[in-house]
Asker: 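Take this structure, written in structure tokens, and hold onto it; I'll ask about it next.
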Amino acid sequence: MAKALYRQYRPKVFDEVLGQDKVINVLKNQIKNKNFSHAYLFAGERGCGKTSAAKIFAKAINCLNPQDGSPCLECENCRAIEEETSLDVVEMDAASNRRIDDIRNLRDNVIYPPANLKYKVYIIDEAHMITREAFNALLKIMEEPPKHLVFILATTEIDKIPKTILSRVQKFEFNKIGREDIIKQIDIILSDRNITIEQEAKELIVKKAKGAMRDALSILDQVLSIDKNNFTLKDVENILGLVDFESLDKLIANIISYNQKDSLDLLFDLRNNNKDDKDILDGLVGYFRDI
């Protein structure tokens, strides 16, 4: 099974995290000065680098030879975390471990010192899914944490995190990824694979991703699944099942001029070419937004 692009190109050091300079600079300085907290909350849209930053942070504070606040990736601690063989860095999905019994079990385990690393790090993804009772149990650990413990909560819905938790963590807001950074990552991948894609097609991928790097790389993965070395805008539109610009332009011109027959003919042609009503409506909304 092929490894997804967003996993292949997941950032391994802080400098590879694109579009989050303000957050990354603070985290790097905390590590360089050995002045990091016991609890963090990373909030932001999906696919903007929260979990990647949390994993890099876990490596950096445990690294035996950190480089400018980033992990060296070569020491035994870095390799153990990267290869997911260390039991001291635990990544939990709160959607599956949200009950009070799960958090009590966690609370019973965190009191023990790390087996191999300097710090135990618990990364809790989708933290807003934790139940209120479980949050109360988690609160007790955050009030009196062991010196070897670091919590990193990641969430897309910070408004659902209780104020009692928010007051005990350092909060970092992750932005949506900008157009230039997404295209920069796309160009790196295309260069590695010696593949070219028209600029308009790259812009379409960026537009569909809506500021999420993971979504952009998933879309690119879908495009590159076709065995070609050169992709045009038309190719990408067909692969993604999108209605092409020319068809939308004609359809809108016919609608505006009250040309019912040609509008319906074009609509049926689009349906016959495997475009469903949602594809057509999405195309129309995008067209009007652009103009």
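What you are looking at is a predicted structure, and each value in this text was computed from that prediction instead of being measured.
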Asker: Does one side chain, of R10 or S52, offer a donor that lies under 3.5 Å from an acceptor on the other?
Answerer: yes
Asker: Side-chain contact, heavy-atom cut-off 4.5 Å: I239 with Q222?
Answerer: yes
Asker: If you count every heavy atom of other residues, nucleotides or ligands that lies below 6.0 Å from E246 atom CD, does the total exceed 12?
Answerer: no
Asker: Please examine the side chains of I183 and D187, heavy atoms only from C-beta on, and report whether any two atoms are closer than 4.5 Å.
Answerer: yes
Asker: With a 3.5 Å cut-off and no angle check, do the side chains of Q185 and Y6 form a donor-acceptor pair?
Answerer: no
Asker: Heavy-atom count around E76 CD within 6.0 Å, excluding the residue itself: above 12?
Answerer: no
Asker: Aromatic ring centroids of F174 and F42 under 6.0 Å?
Answerer: yes
Asker: Under a 3.5 Å distance rule, please check whether S247 uses its side chain to pair with a backbone N or O of V243 as donor and acceptor.
Answerer: no
Asker: Find out whether L224 and L5 are in side-chain contact, i.e. whether some heavy atom of one side chain is under 4.5 Å from a heavy atom of the other.
Answerer: yes
Asker: Work out which heavy atom in C78 is nearest to a heavy atom in P71; give both atom names and the distance.
Answerer: SG-CB, 3.6 Å
Asker: Taking T196 for the side chain and N230 for the main chain, is one N or O donor matched with an acceptor at less than 3.5 Å?
Answerer: no
Asker: Could you tell me whether the side chain of I158 reaches within less than 4.5 Å of the side chain of K171, counting heavy atoms only?
Answerer: yes
Asker: Consider only side-chain heavy atoms of I, L, V, M, F, W and Y, link residues closer than 4.5 Å, and tell whether V206 and V285 are in one cluster.
Answerer: no
Asker: Count the heavy atoms belonging to other residues, nucleotides or ligands that lie under 6.0 Å from NZ of K208, then report whether that count exceeds 12.
Answerer: no
Asker: In terms of hydrophobic clustering (I, L, V, M, F, W, Y; side-chain heavy atoms under 4.5 Å; direct or indirect links), are V121 and I165 co-clustered?
Answerer: no
Asker: Per the side-chain contact (heavy atoms from CB on, under 4.5 Å) rule, which among I81, V17, D15 passes with I56?
Answerer: V17
Asker: Side chains of Y119 and N62: does their closest heavy-atom pair fall under 4.5 Å?
Answerer: yes
Asker: Would you indicate whether the side-chain heavy atoms of L139 and F135 approach each other to under 4.5 Å?
Answerer: no
Asker: Would you mind reporting whether Y112 and K120 have side-chain heavy atoms less than 4.5 Å apart?
Answerer: yes
Asker: Which pair of heavy atoms, one from G44 and one from C48, lies closest together, and at what distance?
Answerer: C-SG, 4.1 Å
Asker: Do the side chains of I188 and D192 get nearer than 4.5 Å, heavy atoms only?
Answerer: yes
Asker: Do K228 and F231 meet the cation-pi criteria used here (NZ or CZ under 6.0 Å from the six-membered ring centre, within 45° of the axis)?
Answerer: yes
Asker: Quick one about S218 and D221 (side-chain donor to acceptor, distance below 3.5 Å, no hydrogens or angles considered), yes or no?
Answerer: no
Asker: Counting only heavy atoms not in L281 (residues, nucleotides, ligands), do more than 12 fall under 6.0 Å from its CG?
Answerer: yes
Asker: Within a 6.0 Å radius of atom CD on E45, are there more than 12 heavy atoms belonging to other residues, nucleotides or ligands?
Answerer: no
Asker: Between E16 and K12 (side chain of the first, backbone of the second, donor and acceptor by atom type, cut-off under 3.5 Å), is there such a pair?
Answerer: yes
